[in-house]
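Residue numbers run from 1 in the order of the sequence given. Note: hydrogens, waters and symmetry copies are ignored here, and every other heavy atom, side chains too, is used.
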Amino acid sequence: MPPSLGDFFSKEFKDDYLGKKISPKCILLIKIPEFKDVNYPKYAIIVCVSAHSNQVASVCINTDKPFTNNCITITKKEHAFLKYDSYVNCDFISEMNIKDLTTFLEKHPENILGEITDFHHIQILERLQSSKVIPVKLKRKFGLM
């Protein structure tokens, strides 16, 4: 069984932020390493933790609908931190090093915004699994096959 993302945080951090979940479904405001042209933080959803490496997979939330139809809509009504109804592109996974992510979040806990619903999490996982664009090797790494 893969470790929980929360297992990588210090005891002090977990004690201070016990009420905030840091797990798959967690929504963060972070810089996405693969987005070289974007120099500001974006909303991202942690979708899964690799069982074989120290990485997590995340997907991005955008206010503009992506060119792909492989996306889901998340609404402002269900997610209070959103200013607009938004879209999650399910044809792209951003990989993040767990140590780098936990170090960042320990310094910036205000960037932990909440969680998506179980329903949305399942929808995202199903769409990532069925994506024709995400390489098979990457899907296997994160248990999406």
Side-chain angles (χ1 to χ4, degrees), residues 1-10 13-14 17-76 78-145:
M1 185 160 118
S4 164
L5 184 56
D7 294 343
F8 294 92
F9 286 94
S10 69
F13 183 81
K14 286 191 264 187
Y17 291 92
L18 197 56
K20 290 190 173 187
K21 288 196 174 191
I22 302 162
S23 64
K25 302 193 309 180
C26 181
I27 300 169
L28 310 171
L29 183 60
I30 55 173
K31 281 215 29 112
I32 307 296
E34 292 87 356
F35 292 178
K36 305 294 185 218
D37 297 340
V38 179
N39 61 357
Y40 54 87
K42 293 193 60 73
Y43 291 137
I45 302 167
I46 302 298
V47 288
C48 46
V49 179
S50 173
H52 306 292
S53 71
N54 288 325
Q55 293 190 307
V56 296
S58 69
V59 291
C60 295
I61 300 174
N62 297 297
T63 53
D64 295 327
K65 189 170 185 178
F67 296 113
T68 178
N69 285 332
N70 194 17
C71 65
I72 68 160
T73 303
I74 57 173
T75 64
K76 178 182 173 184
E78 293 175 296
H79 304 88
F81 62 89
L82 290 176
K83 292 180 184 169
Y84 312 99
D85 289 350
S86 298
Y87 304 92
V88 178
N89 181 347
C90 298
D91 272 337
F92 176 78
I93 293 175
S94 177
E95 298 178 76
M96 292 181 225
N97 177 283
I98 291 174
K99 182 159 177 44
D100 294 343
L101 180 61
T102 54
T103 299
F104 172 79
L105 292 174
E106 285 180 347
K107 291 178 184 173
H108 304 282
E110 70 278 5
N111 286 36
I112 304 168
L113 304 175
E115 283 191 340
I116 56 172
T117 64
D118 288 337
F119 174 76
H120 286 115
H121 188 233
I122 291 167
Q123 277 191 314
I124 291 169
L125 291 173
E126 287 173 348
R127 287 181 176 259
L128 291 172
Q129 290 168 343
S130 67
S131 173
K132 306 286 187 224
V133 180
I134 299 170
V136 170
K137 184 177 180 179
L138 192 57
K139 287 182 183 182
R140 281 194 183 117
K141 180 177 184 176
F142 290 104
L144 297 169
M145 291 196 74

How far apart are the C-alpha atoms of Val49 and Val56, what are their side-chain angles, what is the distance that settles it, and do they pass the side chain to side chain contact (heavy atoms under 4.5 Å, CB included) test? CA-CA 4 Å; Val49 179; Val56 296; 3.9 Å; yes
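Interatomic distance, CD of Gln123 versus OG1 of Thr73, reported as 8.5 Å (0.5 Å rounding). The distance from atom SG of Cys71 to atom CZ of Phe92, rounded to the nearest 0.5 Å, is 15.5 Å. Here the CG atom belonging to Leu138 is positioned 11.0 Å from the CE atom belonging to Met145, to the nearest 0.5 angstrom. Put simply, CD1 on Ile116 and CD1 on Ile61 are 7.5 Å apart, with the number rounded to the nearest 0.5 Å. The CG atom of Asn70 lies 10.5 Å from the CD1 atom of Ile124; values are rounded to the nearest 0.5 Å. In this structure, CD1 on Ile74 lies 4.5 Å from CD1 on Ile45, to the nearest 0.5 angstrom.
Judged as a salt bridge (Lys or Arg N to Asp or Glu O under 4.0 Å), the pairs with a partner in residues 132-143 (not counting sequence neighbours) are, in order, Glu95-Lys141.
Asp118 pairs by the salt bridge (Lys or Arg N to Asp or Glu O under 4.0 Å) definition with Lys25, not counting sequence neighbours. Listed by chain and residue number, Tyr84, Ser86 satisfy the side-chain contact (heavy atoms from CB on, under 4.5 Å) test with Thr63 (two or more places apart in sequence, or in another chain).
Contact record, Ile27 with Phe81: CD1-CZ, 3.3 Å, taken as the closest heavy-atom pair. Contact record, Ala57 with Phe142: N-CE2, 3.4 Å, taken as the closest heavy-atom pair. The shortest heavy-atom contact between Cys90 and Ser131 is O-CB, 3.7 Å.
Inter-residue side-chain proximity for Thr68 and Val133 is flagged as unmet; no heavy-atom pair is nearer than 4.5 Å. Side-chain contact between Val47 and Leu144 is absent, with no heavy-atom pair separated by less than 4.5 Å. Residues Lys42 and Asn62 form a side-chain contact, since some pair of their non-hydrogen atoms from C-beta on lies under 4.5 Å apart. Annotation: side chain of Lys99 is not in contact with side chain of Asn54 (no heavy-atom distance under 4.5 Å).
With hydrogens and angles ignored, the 3.5 Å screen pairs a side-chain donor or acceptor of His79 with a backbone N or O of Thr75. Side chain of Asp85 to main chain of Lys76: a donor-acceptor pair is present (N/O by atom type, distance under 3.5 Å, no hydrogens or angles).
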